[in-house]
Structures are given as C-alpha cells and as structure tokens.
Amino acid sequence: GIYFYSSENSSIVNNYIQTSDAIIYGVRNHQGGQNAIISGNTINITASNSNWDPHSWFSAIEAYDAIIDSNDIYMYYEGYEGINVYGIRSERSEITNNIMDVGSNACHSACDHYAIWNMGVGSIVDHNSITSRYRTHGIWASNAQISNNNINGLSNSKWAIGHGANNVITGNTITNMSYGIQVDGQSDNVIDGNNIQVSNTGINGDGAQNLSVTNNTFEIGSGRFIS
C-alpha cells in the first residue's frame, strides 16, 4: 500500500490498491497532526491468516487529523482471532462520502472490528455508505458529528453506531443490523431523527448521563426500542 508516516500536508488521491496479504494497511500515516487529504482511492483487501501475528489491527486507511473523502473500500479478513479490523481508523478527522464494505468473521472476546473508527474533538462522520458484515460494528466515535450515514448489516451481530461521549447522531439510516446505537455509560449524546431497523435493541442508554433521544423511527425484531 501507501505508507507516508510523518509526511505533513500530503495528498493521497485517485490510487487503486489491491492485496491479499495476511496483514496489511492500504493507506497509512499513524502520526497525529498530519493534515492529509485522502480522496478518490479504491482499496480492495481480502486476507486470510490462520497463524498468530504480532499486529493488533490492520486497516484499509489509517490517518489522523485528516480529510478522508469519497474513497471506495472493500475489506474482508478471516484468520487469527486476535486481529482487529478497521475499514478506516482515525482520530479528529472528517470522514465523508465513502463507500465501504467491511467484514470479518474472526473474533473472540478480546477483539472488535469497525467499518469507521473516529475519536476526538472535531470528528465528523457524514454521508458514508457502509455495508457491515458479520462481527463488524458500523461507526465507533466520540466527540463527533455522525450524520446522514447509511449502515446496512449483512449477517451482522454487532452495533451500528457507538460508543463515546459528546456525539451528535442525526439523520442516519440503519438497516439489518443486530443492534442500533450504543451509548451505555456515556454522557452528553444527542440521538435525533434516525431511522433504526434492527433485530435486537434499538438504543442502549443504560447508565447514560444527559442523553437526548428525539424524533427517531424504530423497527425492532425481538429486542427493545430503548434500554
């Protein structure tokens, strides 16, 4: 892939990356404050590895304080169960207009998989189209504006959106996921105007502080609207 550590103000634009290596990063700069623009790339990663590997995660895109826009990502991993999989792993970034199909069926209690992970003040996750397969969460963020995303599950057993404080979660459409929005134990979340169609719990707000839930539409299978 493309590795551009400690390269400030870089533009990674309109590249095609395909690999089937066991542990891989498509586009990576894991230093903060780099202000990269990552746009218009197509990244296709399929990997299978039955052996232990020292890497704790791998991702199609990893960048911090970046603009990550209009990329097309397909990513699937099946192998060692200690590996965390991320479509996009980021902090304090603007993640917009990406088309993503991310999944892994390899996991135990010590690992999780995410289509988008974006933590920290100023984070934006907007107008992304996500297919979240198997044991993969949709969007995991804190201090973020999470708006107008489409999250569709495929044989999914995880949450669509979670799991930090100070998120504004508005106008998202969630379909065919096991669970909707996870804010248990978190503070100052606003959940407004989302369409939530899941087989289990719609919103988990156990132990949440200053939680606002308004104007949402629910279609629930055997679970609860709000717990």
Side-chain angles (χ1 to χ4, degrees), residues 1-2 4 9-18 25-30 32-45 58-76 85-103 113-133 136-154 156 158-162 164 166-177 180-181 190-197:
I2 299 171
F4 62 112
N9 304 310
S10 296
S11 295
I12 311 298
V13 178
N14 294 336
N15 300 283
Y16 180 81
I17 299 168
Q18 180 170 346
Y25 301 93
V27 174
R28 190 183 193 205
N29 181 348
H30 58 285
Q34 297 294 286
N35 304 309
I37 297 173
I38 302 171
S39 179
N41 301 284
T42 298
I43 302 172
N44 187 330
I45 298 174
F58 74 109
S59 56
I61 295 174
E62 182 181 1
Y64 304 97
D65 306 288
I67 294 172
I68 302 172
D69 178 73
S70 299
N71 299 282
D72 193 341
I73 296 170
Y74 176 83
M75 186 171 189
Y76 180 76
V85 172
Y86 300 83
I88 297 173
R89 180 182 171 96
S90 192
E91 295 176 3
R92 303 172 302 277
S93 293
E94 297 180 22
I95 300 175
T96 56
N97 303 306
N98 299 283
I99 299 172
M100 307 180 66
D101 187 331
V102 180
H113 311 306
Y114 308 91
I116 294 174
W117 168 286
N118 193 21
M119 299 289 177
V121 174
S123 296
I124 296 172
V125 184
D126 183 75
H127 277 101
N128 299 283
S129 178
I130 298 168
T131 298
S132 189
R133 296 173 181 261
T136 306
H137 300 287
I139 297 167
W140 231 237
S142 67
N143 299 284
Q145 176 74 41
I146 305 168
S147 56
N148 305 308
N149 301 283
N150 289 310
I151 304 169
N152 181 57
L154 184 63
N156 191 281
K158 295 295 184 178
W159 290 89
I161 298 174
N166 299 299
N167 288 321
V168 177
I169 302 169
T170 62
N172 300 284
T173 298
I174 298 166
T175 55
N176 300 318
M177 296 290 288
I181 299 174
V190 174
I191 303 173
D192 178 72
N194 302 281
N195 294 311
I196 301 170
Q197 183 263 305

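The structure presented is a predicted model; accordingly, all values stated were derived computationally and were not measured.
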Within this structure, what is the CD-CD1 distance for the pair E94 and I38, rounded to the nearest 0.5 Å? 12.5 Å

Side-chain (N128) to main-chain (M100) donor-acceptor, under 3.5 angstrom: no

Worked verdict on Y64 versus Q34 for side-chain contact (heavy atoms from CB on, under 4.5 Å): CA-CA 7 Å; Y64 304 97; Q34 297 294 286; over 6 Å; no

Would you find a donor on one side and an acceptor on the other, under 3.5 Å apart, between the side chain of H137 and the backbone of W159? yes

Kindly indicate whether the side chain of R92, heavy atoms from C-beta on, has any atom under 4.5 Å from the side chain of V121. no

Taking atom CD1 of I2 and atom CG of N29, what is their separation to the nearest 0.5 Å? 12.0 Å

Do N98 and I68 make a side-chain contact, defined as non-hydrogen atoms from C-beta onward lying under 4.5 Å apart? yes

If we ignore hydrogens and angles and just use 3.5 Å, is the side chain of N167 paired with the main-chain N or O of A141 as donor and acceptor? yes

Quick one: does any side-chain atom of H127 pair with a main-chain N or O of T96 as donor and acceptor, under 3.5 Å? no

Using side-chain contact (heavy atoms from CB on, under 4.5 Å), reason through I17 and V27 one step at a time and then give a plain yes or no. CA-CA 9 Å; I17 299 168; V27 174; 3.8 Å; yes

For the side chain of S132 and the backbone of G153, is there at least one donor-acceptor N/O pair under 3.5 Å apart? no

For G164 against S142, the heavy-atom pair lying closest together: CA-CB, 3.9 Å

Polar contact flag, side-chain donor to acceptor under 3.5 angstrom, N143-S123: no

Testing T42, N97, N41, N15 for side-chain hydrogen bond (donor to acceptor under 3.5 Å, both in side chains) with N71, which one passes? N41

Taking atom CD1 of I169 and atom CD1 of I181, what is their separation to the nearest 0.5 Å? 5.0 Å

E91 side chain to M119 backbone, donor-acceptor under 3.5 Å: no

Please report the interatomic distance CD1(I124) to CD1(I146), rounded to the nearest 0.5 Å. 11.0 Å

I need the single residue from N156, N152, D101 that forms a side-chain hydrogen bond (donor to acceptor under 3.5 Å, both in side chains) with R133. Which is it? D101

Going by side-chain contact (heavy atoms from CB on, under 4.5 Å), S11 matches just one of V13, N14, N9. Which one? V13

Taking it one step at a time, do Y86 and Y114 satisfy ring-ring contact (aromatic ring centres under 6.0 Å, His included)? CA-CA 5 Å; Y86 300 83; Y114 308 91; 5.4 Å; yes

Taking N172's backbone N and O only, do any of them form a donor-acceptor pair with N194's side chain (distance below 3.5 Å, no angle check)? yes

Distance-only polar pair, side chains of N150 and S129, donor-acceptor under 3.5 Å: no

What is the distance from atom OG1 of T136 to atom CE of M177, rounded to the nearest 0.5 Å? 8.5 Å

Give a yes or no on whether the backbone of G33 and the side-chain of D65 come within a donor-acceptor separation of less than 3.5 Å. yes

Closer than 3.5 angstrom, by distance alone: can the side chain of D126 be matched with the main-chain N or O of Q145 as a donor-acceptor pair? no

Please assess Y76 against I45 for the test side-chain contact (heavy atoms from CB on, under 4.5 Å), listing each intermediate value before the final yes or no. CA-CA 6 Å; Y76 180 76; I45 298 174; over 6 Å; no

Point-to-point distance, once rounded to the nearest 0.5 Å, from CH2 of W117 to CD of E62: 11.5 Å

Donor-acceptor pair, S39 side chain versus D69 backbone, under 3.5 Å? yes

